[in-house]
There are 2 protein chains.
Amino acid sequence: MDLQRIKYFLALSEQLHYWKTAEKVNITQSALSRQIQSLENELGLQLFERNKRNVKLTPAGKFLKEKWEVELSEIEYIHQFARQLHLGERGTVTIAHPDSISASLMPDILAKITAAFPQLQVKLVQVLYENQLEFLKNYKIDLAITRDMNSEPGIRSKKIYSDHLALVVPLEHAFKKFEDLSTKRLKAQKFILPTKDEGSSYSEIIQALFKSYDFVPDVFLHSEFGSTIIALVRKGLGIAILPDSYMHHQSLGLRFIPLPFKTDILINWRADDHNPVLANILKLVFEN
Amino acid sequence: MDLQRIKYFLALSEQLHYWKTAEKVNITQSALSRQIQSLENELGLQLFERNKRNVKLTPAGKFLKEKWEVELSEIEYIHQFARQLHLGERGTVTIAHPDSISASLMPDILAKITAAFPQLQVKLVQVLYENQLEFLKNYKIDLAITRDMNSEPGIRSKKIYSDHLALVVPLEHAFKKFEDLSTKRLKAQKFILPTKDEGSSYSEIIQALFKSYDFVPDVFLHSEFGSTIIALVRKGLGIAILPDSYMHHQSLGLRFIPLPFKTDILINWRADDHNPVLANILKLVFEN
DNA sequence: ATCCATTAATGCAAAATACGCATTAATAAA
DNA sequence: TTTATTAATGCGTATTTTGCATTAATGGAT
């Protein structure tokens, strides 16, 4: 059952004239005649009532004309849709990202994506540091934006941004600017810091920071969630080190003191992921 | 775009293995490989991600698998339906019939039809005598059951039944049986008769009846509608001549006196109507 | 009634397409 | 490194489709 045959049938069912139809669909009358005949044989029914003079739809032919028209346009639409999937213009990507950039980098990226591919569906999720790579490998997410490098085989990474670390203190705190900081004064503070994960490069940078001041911080509380940390600092329970991306969040009553340490933001994806949607998004993100 | 190709694709999308799939669909692996390739070329997209070792659906392939499965079963259903139309097992016939047989012959015919072709839709209509042939020719009805012969070209007729005429009188009327009738006593009656249509053979039979008694009846009222006539007779407004099929209607308070005149019932259809539904119904009606 | 123009079907040879067999090339596992 | 597996491909053959020319049927015109 060739769809082309059905198209020939539909053309003939409009014209009800072999010669005119044959010309319209760019084949000869004999070819058309035989195409219709094979169609009838294949279906085991008569489509047209015809003598050498007149062509007329049978009831079954009339029925099939109506139904096939619908089916063909459905199929046409499906193929169109599939081509868009192929080109990565449609489909779904699930992206995990750290909370820190939800008010800065993420809006930029999402704006680019929706501008370039308005039909694309993006799902944003937040995933604990320790689950990021696992989720990526298990196809629970397609892209992971992290502050940590990784050396997993099968996962590729690329740096897309970097921001400074900042000391976060309440507005009324004695620390007002970088020059106020000293090992002695810092030592006296209570810190709220992220969980010290093994192999987390972000964690390592923070440790390097304290090493530069040559002391071990008094950590009052560990938390992986920036918004929690900010709330605690605002209540005066301690001070924190955070990427200065958090400045873009609502942070009334807090002071961000930039530190000379940078933290990278990387984008991670499966090396063997050939979904064209992914390729399009990566291209977009790396574009500038 | 051959539907067979799509079937091959669907088989492969289940198995994800060329050799096994090829065996299952009874072609060689090379043929299958090329069928999938042509399908991909035709659509302008990739259906499977494959190296020499693994076969895996692309996002577009996954999408098409789901959609095509639905489309194929729809098409299969449509073809099945069309075949039933072809065989006359489905479809619609519109049948016109006289009121007189709606309680006798019609139920018999309809019972036969629904038993033989349960999927068939029958529309029953009643059409004035003068419109019957016109409606038939104009495709407003497909079958006309009449009491009149016709000699129209393009219309074919066949007698399917005949019943007696009967004199219809109120129960308390002096006429109790055929022997009570005489020209003299009949002459004194007021009659309710059908409209005297030109060329109506039913009309002619009734005229022949009165001729046999050698008088012209005193017609109180003309009506084409049997149920009207019966109501009037029941009220004592006159007596009537009707086919004795009316005895099967609710006719309390009435007496039917059979007369030695018969009226035929014919079935009429378009000679050039090749709708298989019609052929099936005619065959059924003529069967016994 | 007869002829003519129209038009769907068909015989035939050529072209296009699909197929099977055998082989190749890539790759994962041993 | 070797081996077994497996999708792709070259090639000759078989099948299908096509176009050209012709035939046969039919409605309309004279």
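Protein chains get the first letters and strands the later ones, always in sequence-line order, with residue 1 at the start of each.
For dA18(C), neither phosphate oxygen OP1 nor OP2 lies less than 4.0 angstrom from any side-chain nitrogen or oxygen of Q4(B).
Annotation: salt bridge (charged side-chain N to carboxylate O under 4.0 Å, His left out) contacts involving residues 78-89 of chain B, sequence neighbours excluded, comprise E76(B)-R83(B). Among residues at least two apart or in separate chains, ring-ring contact (aromatic ring centres under 6.0 Å, His included) pairs with a member in residues 25-79 of chain B are W68(A)-H79(B), H79(A)-W68(B), F81(A)-F63(B), F9(B)-F48(B), F9(B)-W68(B). Under the ring-ring contact (aromatic ring centres under 6.0 Å, His included) criterion, no residue pair touches residues 121-158 of chain B, with sequence neighbours excluded.
Using a 4.5 Å heavy-atom cutoff, the side chains of R147(B) and I101(B) are in contact.
The span of DNA chain D lying next to chain A, judged by atoms under 4.0 Å from heavy atoms, is bounded 5' to 3' by dT17(D) to dG27(D).
Of the residues in residues 6-20 of chain B, none lies under 4.0 Å from DNA chain C by heavy-atom distance. Of all the residues in residues 23-31 of chain A, I27(A), T28(A), S30(A), A31(A) reach under 4.0 Å from DNA chain D with at least one non-hydrogen atom.
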Side-chain donor-acceptor pairs of residues 151-158 of chain A under 3.5 Å, sequence neighbours excluded:
{"from": "E152(A)", "atom 1": "OE1", "to": "K137(A)", "atom 2": "NZ", "distance (Å)": "2.5"}
{"from": "S157(A)", "atom 1": "OG", "to": "N150(A)", "atom 2": "ND2", "distance (Å)": "2.9"}
{"from": "S157(A)", "atom 1": "OG", "to": "N268(A)", "atom 2": "OD1", "distance (Å)": "2.4"}

All N/O donor-acceptor pairs, side-chain side in residues 20-30 of chain A, below 3.5 Å, sequence neighbours left out:
{"from": "T21(A)", "atom 1": "OG1", "to": "H17(A)", "atom 2": "O", "distance (Å)": "2.6"}
{"from": "T28(A)", "atom 1": "OG1", "to": "A31(A)", "atom 2": "N", "distance (Å)": "3.4"}
{"from": "S30(A)", "atom 1": "OG", "to": "R34(A)", "atom 2": "NH2", "distance (Å)": "3.4"}

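The salt bridge (Lys or Arg N to Asp or Glu O under 4.0 Å) test applied to E69(A) returns K65(A), not counting sequence neighbours. Legend: residues meeting salt bridge (Lys or Arg N to Asp or Glu O under 4.0 Å) with D99(B), ordered by chain and number and at least two apart, are absent. Listed by chain and number, the residues in a side chain to side chain contact (heavy atoms under 4.5 Å, CB included) with D2(A) are Q4(A), R5(A) (sequence neighbours excluded).
Of the possible donor and acceptor atoms, one in the side chain of T114(B) sits under 3.5 Å from a partner among the backbone N and O of A111(B). Judged by distance alone, with hydrogens and angles left aside, the side-chain atoms of T263(B) form no donor-acceptor pair with the main-chain N or O of Y202(B) at under 3.5 Å.
Between D142(A) and R270(A) there is a salt bridge, since a side-chain N of the basic residue sits under 4.0 Å from a carboxylate O of the acidic one. Using a 4.0 Å cut-off between charged side-chain N and carboxylate O, E40(B) and R50(B) make a salt bridge.
Projected onto DNA chain D by closest heavy-atom contact, S38(A) and Q37(B) fall at different nucleotides, the more 5' of which corresponds to Q37(B).
Distance, E42(B) CD to dT17(C) C1': 13 Å, rounded to whole Å.
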Restricting both atoms to N or O, compile the protein contacts to nucleotides 28-30 of chain C shorter than 3.5 Å, with distance only.
{"from": "dA28(C)", "atom 1": "O4'", "to": "R53(B)", "atom 2": "NE", "distance (Å)": "3.3"}

